[in-house]
Amino acid sequence: MDKTIYTLYKVLFGVYGHQNWWPIIENGRCRYLDDYRKRARTDDEILEIMAGAVLTQNTSWENAAGALAKLKGEALLNIESLDSVRAVDIAKIIKGSGYYNQKAAKLKALAGFLKGLPGGMLEIREMGLEAARECLLSVWGIGKETADSILLYGFYFLTFVIDSYTVRVFSRVWIGENEAPGDYEKIRCYVMERLPRNTLLYQDYHALIVLLGKNICRKKPLCEICPLSFMCGYAHGRTALRTI
DNA sequence: CGCCAGGGCCTCA
DNA sequence: TGAGGCCATGGC
């Protein structure tokens, strides 16, 4: 099933099209713009993507976006403020995103990290993917998915994001085949070896998986209306499972 | 009421 | 290194 990974993308893209991730908060509202495809992200946008990626950890984007909008509304969405304001006060603002004490600490860890970079976001950009990834992963509160999201959507690095939806969708599609998801790095490498090296494609792919995972490939999946059912082991009632 | 959400860290075997 | 506990609100 060498071409399944790419086929899966093409089917989803054919049905849903561009997803214009990562959304940015504008006037307190979450907006999916397509203009970013023609330009690099600004430093402010990258910080917002970083903060949003932390706030949405195991949390619906709606709740995370609300907290992000409040942070922005309070003029706290900048490195200096996040670094200087007390964690308990940040926690109060982002309460609606859940895990607010942890996330406040994570935002402060992020701000501390960025404050220690003389070259700012440009310094990360110029490190290249691998060094930038290691660098982000060294920050407390930034794990693999959060790091890859930041790298892919903030810096346009070619790295694939694996989240719980990805694992769910892949594990279902691959049921009964010789290959199925393993751990994070395994899935990431497996996918990247089978896709064209195209950043926009990677960005859309992950966003499309999230869209499908939210609306159709739920824990209790709606296979009857799923555009992938024709190529999905789960929809065909298979049960065997092996790992990559 | 229970389940779920665009994870990550820590602990312990 | 892998499983399990913990963090927590809001929407359905």
Side-chain angles (χ1 to χ4, degrees), chain A residues 8-9 12 16 18-25 28 30-32 45-46 48-71 87-113 133-154 159-172 180-189 191 202-222 241 243-244:
Chain A
L8 197 156
Y9 160 78
L12 291 181
Y16 301 112
H18 284 300
Q19 297 302 300
N20 302 321
W21 272 32
W22 191 281
I24 289 292
I25 305 293
C30 176
R31 290 194 53 192
Y32 295 80
E45 285 174 332
I46 295 174
E48 182 173 329
I49 289 167
M50 290 174 164
V54 167
L55 291 173
T56 197
Q57 287 172 1
N58 202 32
T59 300
S60 72
W61 175 253
E62 287 66 33
N63 288 355
L68 198 56
K70 281 190 181 178
L71 268 184
V88 287
D89 293 323
I90 294 177
K92 226 176 295 175
I93 308 280
I94 64 172
K95 191 163 185 285
S97 71
Y99 306 118
Y100 47 83
N101 288 316
Q102 265 199 8
K103 286 175 180 175
K106 288 177 181 180
L107 290 177
K108 289 189 69 64
L110 171 64
F113 160 71
R133 193 165 190 261
E134 288 309 307
C135 201
L136 287 175
L137 287 173
S138 73
V139 181
W140 187 85
I142 297 183
K144 288 173 181 171
E145 187 198 331
T146 304
D148 284 327
S149 295
I150 292 167
L151 293 165
L152 177 62
Y153 294 107
T159 183
F160 200 84
V161 180
I162 310 293
D163 69 338
S164 57
Y165 289 131
T166 312
V167 174
R168 184 198 294 167
V169 172
F170 284 3
S171 67
R172 283 177 177 162
D183 66 17
Y184 191 100
E185 296 296 347
K186 273 188 184 170
I187 303 173
R188 176 171 171 266
C189 292
V191 171
Y202 277 39
Q203 291 179 334
D204 275 330
Y205 201 148
H206 174 63
L208 287 163
I209 290 276
V210 171
L211 181 66
L212 187 81
K214 270 190 191 175
N215 300 316
I216 297 176
C217 198
R218 306 175 182 169
K219 291 208 170 176
K220 298 185 72 168
L222 308 176
L241 184 70
T243 56
I244 292 176

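All figures in this text were calculated on a predicted structure; none of them were measured in a lab.
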(request) Using the ring-ring contact (aromatic ring centres under 6.0 Å, His included) rule, pick out the option among A:W22, A:Y32, A:F160 that qualifies with A:Y153. (result) A:W22

(request) Can you tell me the pairing partner of C:dT1 across any strand shown, Watson-Crick or G-U wobble, with both distances under 3.5 angstrom? (result) B:dA13

(message) Taking B:dC1 as the reference, what is the distance to C:dT9 when you measure between their P atoms (whole Å, please)?
(response) 15 Å

(message) Output the rounded distance in Å from CG (A:N215) to P (C:dC12).
(response) 13 Å

(message) Distance check, C1' atoms only: C:dC7 and B:dC4, in whole angstrom units.
(response) 15 Å

(message) Partner lookup for C:dC7, please. Criteria are Watson-Crick or G-U wobble with both distances under 3.5 angstrom; report none if nothing qualifies.
(response) B:dG7

(request) Could you verify whether a donor N or O on one side chain and an acceptor N or O on the other, from A:T59 and A:K103, lie under 3.5 Å apart? (result) yes

(message) Are more than 12 heavy atoms, taken from residues, nucleotides or ligands other than A:K70, located less than 6.0 Å from that residue's NZ atom?
(response) no

(request) Quick one, give me the B/S/- string for nucleotides 3-13 of chain B, reading 5' to 3', where B means a protein heavy atom under 4.0 Å from the base and S means that only happens at the primed atoms, P, OP1 or OP2. (result) -SBBBBSS---

(request) Ignoring hydrogens and angles, state whether a donor on the side chain of A:Y184 or A:D148 is under 3.5 Å from an acceptor on the partner side chain. (result) yes

(message) I'd like to know if the side chain of A:R168 and the backbone of A:G213 have a donor-acceptor N/O pair within less than 3.5 Å.
(response) yes

(message) For the P atoms, the ones on B:dG8 and on C:dG10, what distance do you get once it is rounded to whole angstrom?
(response) 22 Å

(message) Please determine whether a side-chain nitrogen of the Lys or Arg among A:R133 and A:E185 lies less than 4.0 Å from a carboxylate oxygen of the Asp or Glu.
(response) yes

(request) Take atom C1' in B:dG6 and the same atom in C:dG2, then report the distance between them in whole Å. (result) 24 Å

